[in-house]
2 protein chains.
Amino acid sequence: MTAHKQVATVTVDVVLFTIRQGRLSVLLVARDDEPFQGCWALPGGPPVEAADLDQSAHDHLERGAGAAVSPGHLEQLRTYGAPDRDPSTRQISVAYLGFMPDLPAPVAVGDRPSARFWPIDDFLTGDDAPDLVLDHRRIIGDGLERARAKLEYTTLATTFLEEPFTISDLRRVYQTVWGVRLEPANFRRKVVERTDGFVEPTGESRPTGRAPALLYRSGPATELTPPLVRPEADEDD
Amino acid sequence: MTAHKQVATVTVDVVLFTIRQGRLSVLLVARDDEPFQGCWALPGGPPVEAADLDQSAHDHLERGAGAAVSPGHLEQLRTYGAPDRDPSTRQISVAYLGFMPDLPAPVAVGDRPSARFWPIDDFLTGDDAPDLVLDHRRIIGDGLERARAKLEYTTLATTFLEEPFTISDLRRVYQTVWGVRLEPANFRRKVVERTDGFVEPTGESRPTGRAPALLYRSGPATELTPPLVRPEADEDD
DNA sequence: GGAATAGTGTCTATGAGACATTATTCC
DNA sequence: GGAATAATGTCTCATAGACACTATTCC
């Protein structure tokens, strides 16, 4: 194991998803340094000294984008290390995936104009898509895949919502992330009756403009067994 | 994003599982360098120059353990980067997970006495467990978890087998990795009838000592929908 | 009243799990 | 014949999916 120790630059980058105005969106920061002038990038940076990678991801999220950003969920996504990722030096990026509830107002991240949430479908359709640094576009794509898969067999959809929420709120999370329409009746039964600990009733209800909806908070369960099956995409909302 | 570029040592390490004599086993190499004298470690090393991480993992597998090692499957597991992993320098390890069919004879890896397959249950019971370098024991644990989960919703169990194989062979893979006993009749139906493309009949059959068993090879399917559900463990074979 | 949403009821098809049955081989 | 394994058959129960129905609110 001829270890001729090789130096590589390591960064930690975060794909943070939220749902704004019914659209799945990812947090991006503007890069004003050469050679990435005018490009957008995932929030990130080198591992924080004396902190593990999870903590580093969290720190870069808050520091790069504004103090108010605290994800409801953060997990390691994948590490990217193709030798030609960066034109100058070998750069290895440990990517994280995070979910966060929508912010009540478009403020919060807004006081730092160089950071914003960008709707995901802009990437997929190609319209109005920002230039992204390195392979960050691919990382976002991988993050989207992982996010979609995770909603199938975990209770993480609730981390997109603030409590308390209605079952319809939760269903809309699934519909937005998966890009499908789900049958309200069957979805409710699956979530409320068939999966213990996914959500807990608060006893309250919220007027919605139509019939009042019962309110819930997330329960102790973390896994969905059996999973919530994802239908074929029909690209709806 | 005050990038005071930090140097970290990056390694690529591989958790390679196979099934030997009915026991799930992991490939380890003996370390004879200070300060790890007498310890065992996962095969690995620094990223290979001009090769991506996947390729580096594959190379280290073959180089560290013997030429004959070619995994039936290799995927990225997770990246470990706690600041106190290595007493001397900050070390970040990109871990891979691989599956491989059992070798026909205990030879192959054997001509390099410093590498061997170690039964997984030795770690879990604590008996006869080797001293492992750094946090490699935890990495193996995470790999085991991932492997068990992957068998639920992918067709990767076939990568533990050489073709052609019988349905009982395949069932024994599940039983060994999951540590449970599965109902032969229901397992067969699930694999052969309910999951298109998991296995394909060769038309041949193999005498087994009892009734002859039909032979199969793996089919084009990669995912199991719906998944093969894993029963509660009862730690059998 | 009409439209939209929340929540409940009901029916069907599918599949997992349990277990019986038949066939084949070795002792 | 007896034991063990391969393969098929049969039954039950849970649940996903489709859709009807009632209740509530705003227009």
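Order of the sequence lines fixes the chain letters, A, B, ..., with proteins taken first and strands second; residue numbering starts at 1 for each chain.
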Quick one: label [X] by what it contacts on the DNA or RNA (base, sugar-phosphate, nothing), any heavy atom closer than 4.0 Å.
| X | value |
| --- | --- |
| B:Pro207 | nothing |
| B:Ile167 | nothing |
| A:Thr166 | nothing |
| B:Arg171 | sugar-phosphate |

Side chain of [X]: nearest nucleotide among [options]?
| X | options | answer |
| --- | --- | --- |
| A:Arg210 | C:dA6, D:dT8, D:dC26 | D:dC26 |
| A:Lys190 | D:dA16, C:dT24, C:dA16 | D:dA16 |
| B:Asn186 | C:dG17, C:dA6, C:dT25 | C:dG17 |
| B:Pro212 | C:dT24, C:dG7, D:dT15 | C:dT24 |
| B:Ala211 | D:dA16, C:dA23, C:dA6 | C:dA23 |

Exercise. Is a side-chain donor or acceptor of B:Gln175 paired with a backbone partner of B:Leu182 at a separation under 3.5 angstrom?
Worked result: yes

For this session: Check whether any side-chain N or O of B:Arg230 sits under 3.5 Å from a backbone N or O of B:Leu151 as a donor-acceptor pair, and report yes or no.
Result: no

What's the [atom1]-[atom2] distance between [X] and [N], to the nearest Å?
| X | N | atom1 | atom2 | result |
| --- | --- | --- | --- | --- |
| B:Leu214 | C:dT25 | CG | C1' | 15 Å |
| B:Glu204 | D:dA6 | CD | C1' | 17 Å |
| A:Tyr174 | D:dG17 | OH | P | 13 Å |
| A:Leu215 | C:dG7 | CG | C1' | 14 Å |
| B:Phe187 | C:dA18 | CZ | C1' | 17 Å |
| B:Arg206 | C:dT25 | CZ | C1' | 16 Å |
| A:Leu182 | D:dG17 | CG | C1' | 11 Å |
| A:Arg188 | D:dC21 | CZ | P | 20 Å |

Exercise. Given A:Arg23, which of A:Thr176, A:Thr18, A:Asp121 fulfils the side-chain hydrogen bond (donor to acceptor under 3.5 Å, both in side chains) condition?
Worked result: A:Asp121

Problem set entry | 5' precedence on DNA chain D between A:Glu183 and B:Ser168 (nearest-nucleotide basis) | B:Ser168

Exercise. With a 3.5 Å cut-off and just heavy-atom distances, do the side chain of B:Arg189 and the base of C:dG17 make a donor-acceptor pair?
Worked result: no

Problem set entry | Parallel, tilted or perpendicular, as decided by the 30° and 60° cut-offs, for the rings of A:Tyr174 and A:Phe198 | perpendicular

Exercise. Looking only at heavy atoms, which two atoms of A:Asp102 and A:Gln21 are closest? And how far apart?
Worked result: OD2-N, 4.0 Å

Problem set entry | Helix axis bend for the helix from C:dG1-D:dC27 to C:dC27-D:dG1 - C1'-based end axes, five pairs, 10° rounding | 10°

Exercise. Is the shortest side-chain N/O distance from A:Arg194 to OP1 or OP2 of D:dA14 below 4.0 Å?
Worked result: no

Exercise. How about B:Asp59 and B:Ser56: does a side-chain donor come under 3.5 Å of a side-chain acceptor?
Worked result: no

For this session: Please check if any side-chain donor atom of A:Asp13 sits under 3.5 Å from a side-chain acceptor atom of A:Tyr80, or the reverse.
Result: no

Exercise. Is it the case that more than 12 heavy atoms not belonging to A:Glu163 sit under 6.0 Å from its CD atom?
Worked result: yes

